[in-house]
Novice: 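This is the structure I want to talk about, given as structure tokens.
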Amino acid sequence: MVLSWNEIKNRAINFSKEWETEEKEHAESQSFWNDFFDIFGISRKRVASFEEPVKKLGEKRGRIDLFWKGTLLVEHKSRGKDLDKAYTQALDYFPGLKEAELPKYILISDFEIFKLYDLEEDKSYEFTLNELYKNVHLFGFIAGYTKHKVVAEDPINIKAAELMGKLHDELKDTGYDGHALEHFLVRLLFLEFAEDTAIFERRLFTEFIENRTSIDGSDVGSRFTELFQVLNTPFDKRLKNLDESLASFPYVNGKLFAEFLPIPSFDSKMRDILLECCYLDWSKISPAIFGSLFQSIMDKAHRRNLGAHYTSEANILKLIKPLFLDELYEKFEKVKKNKKQLAEFHKELSTLHFLDPACGSGNFLIIAYRELRILELEILKILYTESVLDISSIIWFDVDQFHGIEVEEFASQIAQVAMWLIDHQMNMMISEHFGQYFVRLPLKKSANIVHANSLQIPWEDVISSDKLTYILGNPPFIGSKLLNTNQRKEMETIFADVKNGKVLDYVTAWYLKASKYIQNTKIKVAFVSTNSISQGEQVGILWKELFSNYGIKIHFAHQTFNWSNEAKSNAAVHVVIVGFASFDTINKRIFEYENIKAEAHEKNAKNINPYLVEGDDLIIESRNNPLVKVPQISFGNMPLDGGNLIIEDEELEEFLKKEPNAKDYILSLISAREFLNNKKRWCLWLENISPKELRNMPLVIQRVENVKIFRETSIAPSTQKHALTPTLFRDRKRPNTFIVVPSTTSENRAYIPMGFFDKNYIANNSCHIIPNGDLFLFGQLTSLMHMSWVKYTCGRLKSDYRYSKDLVYNNYPFPKNVDEKQKSAVEEKAQNVLNIRLQFSDCSLADLYDPLSMPPNLKKAHQELDKAVDNCYGTKSFKNDKERIEFLFGLYEEYLSGN
């Protein structure tokens with residue numbers, strides 16, 4: 001049983017009095033340290049040994065006065081001896097210790113003076129015997145009140161997961177697999193954590209493995225089976241003659257140990273791995289972080305990049321703070337000076353319920369629970385300034401207020417156990433404040449984690465919408481083209497009545513399902529999502545449905561940022577966070593980012609549109625013609641030829657040697673790759689060739705025949721019909737002059753590089769073309785004003801901009817009523833951009849528009865062009881993209897309304 005701090009302090013006072021009267025020179029050090037451990041209610045014999053032999057540097061050997069492997073090394077000296085020298089002597093023992101045995105603390109004493117060295121924090125403390133009671137908190141690691149700052153990248157989280165991974169592999173190789181293996185590892189997780197965080201007595205489980213199992217590991221499996229049965233049996237129902245090592249374990253309940261598992265088979269190697277796990281300090285491990293790491297051990301491929309499979313706490317807080325935590329703390333500040341109102345607020349907290357409908361191993365639920373327990377403690381500190389007889393009676397917040405749905409059984413089991421673990425950590429925090437030990441054993445309540453497919457079950461079956469307060473989480477990041485067969489069927493079912501729903505990403509199913517679930521309630525929702533839901537064509541499909549049929553209003557939003565963690569080699573995803581409900585609010589918040597790696601800047605908003613900027617709930621849908629009178633834009637020419645009408649630059653010379661008559665029918669082919677990277681490719685453009693000319697070019701004839709075969713053998717009827725015209729590209733657009741707009745370009749570029757071409761160039765389908773586009777149009781399209789529109793309305797290919805004629809160009813609110821002076825200014829600045837580009841004719845546009853290598857004079861020319869384009873929209877000046885896009889959305893609405 002863990003002692004309260006008050007009792008520990010009283011014991012420390014008595015210890016000091018007793019040993020103060022002893023004759024120090026004749027005192028027996030072992031008795032001293034036995035009594036010292038008794039202060040904390042710990043049997044020294046259980047955790048530490050005297051005179052531990054160890055090999056020092058060289059061939060020297062020594063004996064450690066008192067050694068608790070992995071935790072504490074004590075060097076004891078007679079009164080008046082040099083304690084600094086004793087500290088050096090203690091360090092001399094380190095080379096002879098295994099890594100898992102290295103202590104976290106060194107304690108030096110001569111009966112009168114104590115010197116404690118915290119090696120992890122690099123701090124030291126010195127006090128006398130009479131001052132011990134004032135410093136007992138420094139020895140919380142003995143009592144079980146260990147305080148550790150959890151660091152996301154702390155290697156112990158990785159180390160623990162790696163060891164579990166080794167044990168997982170060894171067990172699996174014996175044939176112990178599936179549900180039994182997963183459940184066994186989850187139980188082991190609980191046991192390891194329990195003995196290092198005062199759920200169990202210190203080293204209770206470790207000692208059981210060390211002393212009650214054979215070195216060869218042959219009986220480890222059967223001993224585990226005995227232990228699991230004991231942990232699931234109340235004290236009054238246990239056998240009277242139960243082995244003492246088993247009888248010391250508490251009754252856990254919570255159904256964690258209820259199911260009978262097949263008995264695993266261990267050997268000596270597996271037993272050693274198990275003990276290595278035991279020697280880690282599990283009190284340092286974060287349930288939120290470790291859950292994801294632990295889940296990833298099941299996949300060896302994931303394990304190679306183990307650190308990348310958890311979500312950082314900072315990113316989780318970006319969601320839960322605006323969803324509920326900020327509001328609750330604001331309310332706390334308002335009522336904390338009125339105890340009656342504060343007590344009512346405390347009661348309100350105990351009625352809140354949370355659902356993560358794709359909870360994984362519980363990261364969001366764990367952090368949310370932790371933060372709310374911290375808030376509860378702040379409330380209790382004010383309500384109960386005097387001692388409390390039973391702190392269990394004043395802690396009202398509990399894990400059964402949290403609900404989750406998870407399709408993976410292993411992850412759902414981890415989530416449930418991790419919620420118990422974070423609950424215990426919070427109980428220890430409250431125990432420390434109120435000076436009495438509080439642990440919830442046996443487990444009576446648990447988080448309601450349902451193992452099921454969230455998209456296939458009614459959420460009402462998990463928790464009634466009348467009871468729920470918040471929905472949160474990060475549903476799977478899977479693009480529409482990457483869905484497997486089952487996921488595609490789920491999307492077809494959920495979006496059965498939504499036009500073009502098949503192009504939506506997987507995460508959108510949770511948005512629609514949540515929107516249906518929260519109708520006529522005050523439930524608030526927030527999801528992390530890939531930023532595709534706020535860009536391009538998905539906006540018009542998803543948000544039109546949510547706005548029109550479910551009355552959804554966006555309450556807060558984080559614009560695009562990197563969803564990553566502190567681990568090395570992590571794979572960052574560009575995401576947004578959207579908070580919404582089926583009712584409106586006046587307190588809307590937008591978190592803006594200067595770039596995807598920057599910190600957020602918060603701003604208040606009257607309304608947030610689905611592009612996550614301030615503005616009305618407008619939705620930009622595809623249109624066939626431009627909103628404003630400007631030249632039409634179209635796709636380039638698709639060859640649809642199997643590559644047979646294309647000639648690579650390195651092939652051209654040899655081809656013309658063999659087929660010189662083809663020269664007049666070979667034109668320069670422009671694709672986005674060639675255009676941006678200053679490369680050359682060619683194509684056979686046989687639009688006006690006569691049959692006689694064609695028959696006189698056998699190499700060309702062969703290529704045409706190959707085109708015909710390619711098209712005839714296609715499974716697509718639309719391709720087959722073009723087999724009738726094998727000499728021609730599918731599309732045949734060859735205007736006298738045109739502007740080329742690459743269909744895909746890097747998001748890192750401040751501007752999309754565009755250019756002018758004549759009819760001697762054929763643009764393929766990786767580009768858009770604007771026939772007869774002029775210098776004024778070119779200037780507008782290569783401005784920051786147009787780029788602001790692009791960033792918010794175009795789709796993405798990975799993170800690159802994917803330009804759309806129907807969404808971006810045709811909806812762009814070009815300026816109206818531009819006078820000749822404004823137009824001439826744009827044309828002059830646009831020509832200057834082109835002239836400067838010509839100065840670097842040996843450089844590709846990819847180099848010229850790379851943020852790191854863009855020439856200063858080209859950058860300046862574009863800035864001058866930006867100002868000229870801005871002036872076409874009136875006298876308003878724009879500070880950044882956010883101001884531009886808000887202005888453009890407003891102008892777009894004006895144009896639609898006919899103003």
Side-chain angles (χ1 to χ4, degrees), residues 319 323 354-360 364 403-407 450 452-465 468 470-557 575-584 608-612 617-621 795:
L319 183 147
L323 178 62
F354 302 78
L355 170 65
D356 184 342
C359 71
F364 280 77
H403 312 263
I405 308 171
E406 173 52 38
V407 69
V450 176
N453 187 318
S454 184
L455 299 183
Q456 295 181 7
I457 67 166
W459 293 359
E460 284 282 351
D461 291 353
V462 179
I463 178 172
S464 168
S465 57
L468 189 64
Y470 301 102
I471 299 174
L472 69 164
N474 61 330
F477 298 161
I478 306 176
S480 60
K481 295 181 180 179
L482 300 176
L483 300 177
N484 63 35
T485 302
N486 290 334
Q487 291 164 344
R488 203 170 298 281
K489 288 179 180 178
E490 290 165 2
M491 292 292 287
E492 289 172 357
T493 300
I494 290 173
F495 288 96
D497 299 324
V498 180
K499 185 179 179 181
N500 296 323
K502 64 182 180 181
V503 308
L504 295 173
D505 289 350
Y506 198 43
V507 68
T508 59
W510 276 263
Y511 276 80
L512 182 54
K513 194 153 186 177
S515 297
K516 293 178 179 179
Y517 176 84
I518 64 176
Q519 291 300 293
N520 303 313
T521 72
K522 290 297 181 181
I523 298 171
K524 296 179 181 179
V525 186
F527 288 138
V528 181
S529 316
T530 45
N531 59 2
S532 57
I533 69 157
S534 61
Q535 299 169 345
E537 62 183 337
Q538 296 202 40
V539 174
I541 300 167
L542 174 66
W543 291 101
K544 182 179 181 179
E545 176 73 9
L546 300 188
F547 287 166
S548 301
N549 294 330
Y550 300 99
I552 295 301
K553 297 294 292 185
I554 298 175
H555 287 198
F556 73 88
V575 302
V576 295
I577 299 175
V578 184
F580 61 95
S582 61
F583 59 91
D584 206 355
I608 303 172
N609 70 27
Y611 300 91
L612 308 187
D617 291 338
L618 66 89
I619 291 171
I620 296 172
E621 298 183 84

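For the numbers below, each heavy atom of this structure counts, side chains included, while hydrogens, waters and symmetry mates do not. Worth saying up front: this structure is predicted, and the values here are computed from it rather than measured.
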Novice: Do you know which two heavy atoms are closest between W459 and P357, and how far apart they sit?
Specialist: CZ2-CB, 3.5 Å
Novice: Contact between T508 and I533 at the side-chain level, heavy atoms closer than 4.5 Å - yes or no?
Specialist: yes
Novice: Given 3.5 Å as the limit, does a donor-acceptor pair link the side chain of E406 with the main chain of G360, or not?
Specialist: yes
Novice: Using modelled atom types only, decide if a donor and an acceptor are shared between the side chain of K513 and the backbone of L455 within a distance under 3.5 Å.
Specialist: yes
Novice: For residues V528 and V507, report the shortest heavy-atom separation together with the two atoms involved.
Specialist: O-CG2, 4.1 Å
Novice: Please list, chain by chain and in numerical order, all residues satisfying salt bridge (Lys or Arg N to Asp or Glu O under 4.0 Å) with K553, sequence neighbours excluded.
Specialist: D617
Novice: Between S454 (side chain) and A358 (backbone), is there a donor-acceptor pair under 3.5 Å?
Specialist: no
Novice: How many angstroms lie between atom CG of N500 and atom CG of L542, to the nearest 0.5 angstrom?
Specialist: 12.5 Å
Novice: Parallel, tilted or perpendicular: which describes the rings of F547 and W543, with under 30° parallel and over 60° perpendicular?
Specialist: tilted
Novice: Give the minimum heavy-atom separation between I608 and H555, together with the two atoms involved.
Specialist: CD1-O, 3.8 Å
Novice: Short question: side chain of E460, backbone of S465 - any donor-acceptor pair under 3.5 Å?
Specialist: yes
Novice: Going by side-chain contact (heavy atoms from CB on, under 4.5 Å), H403 matches just one of V450, I471, I463. Which one?
Specialist: I463
Novice: Give me the atom names and distance for the closest heavy-atom approach of S529 to F477.
Specialist: CA-CE2, 4.0 Å
Novice: Quick check on N520: does its CG atom have over 12 non-hydrogen neighbours (other residues, nucleotides or ligands) under 6.0 Å away?
Specialist: no
Novice: Between atom CG of N531 and atom CG of L612, what is the distance when rounded to the nearest 0.5 Å?
Specialist: 9.5 Å
Novice: Counting only heavy atoms not in D461, do more than 12 fall under 6.0 Å of its CG?
Specialist: yes
Novice: Could you tell me the separation between the CG atom of L319 and the CG atom of L472, rounded to the nearest 0.5 Å?
Specialist: 6.0 Å
Novice: Give, for atom CG of L355 and atom OH of Y470, the distance between the pair rounded to the nearest 0.5 Å.
Specialist: 14.0 Å
Novice: Which heavy atom of I523 sits nearest to which heavy atom of A581, and what is that distance?
Specialist: O-CB, 3.6 Å
Novice: Answer yes or no: are there more than 12 heavy-atom neighbours, outside K544 itself, under 6.0 Å from its atom NZ?
Specialist: no
Novice: Would you compute the distance between atom CH2 of W510 and atom CG of D505 and round it to the nearest 0.5 angstrom?
Specialist: 11.5 Å
Novice: Any chance you could measure E492, atom CD, to L483, atom CG, to the nearest 0.5 Å?
Specialist: 9.5 Å
Novice: For E490 and N453, which I'm curious about, is there any donor-acceptor pair between the side chains at under 3.5 Å?
Specialist: yes
Novice: Establish, for the pair K522 and F583, whether the NZ or CZ atom is under 6.0 angstrom from the six-membered ring centre and no further than 45 degrees off its axis.
Specialist: yes
Novice: I want to check something: taking the side chain as every heavy atom from C-beta on, are I478 and N484 in contact at a cut-off of under 4.5 Å?
Specialist: no
Novice: For Y511 and F580, I'd like to know if the aromatic rings sit close, meaning centre-to-centre distance below 6.0 Å.
Specialist: yes
Novice: Any idea which heavy atoms bring Y550 and L512 closest together, and the distance?
Specialist: CE1-CD1, 3.6 Å
Novice: Can you find a heavy atom in the side chain of F495 that is under 4.5 Å from one in the side chain of K502?
Specialist: no
Novice: Using atom types as modelled and distance alone, determine if a side-chain donor or acceptor of Q519 lies under 3.5 Å from a backbone N or O of S515.
Specialist: yes
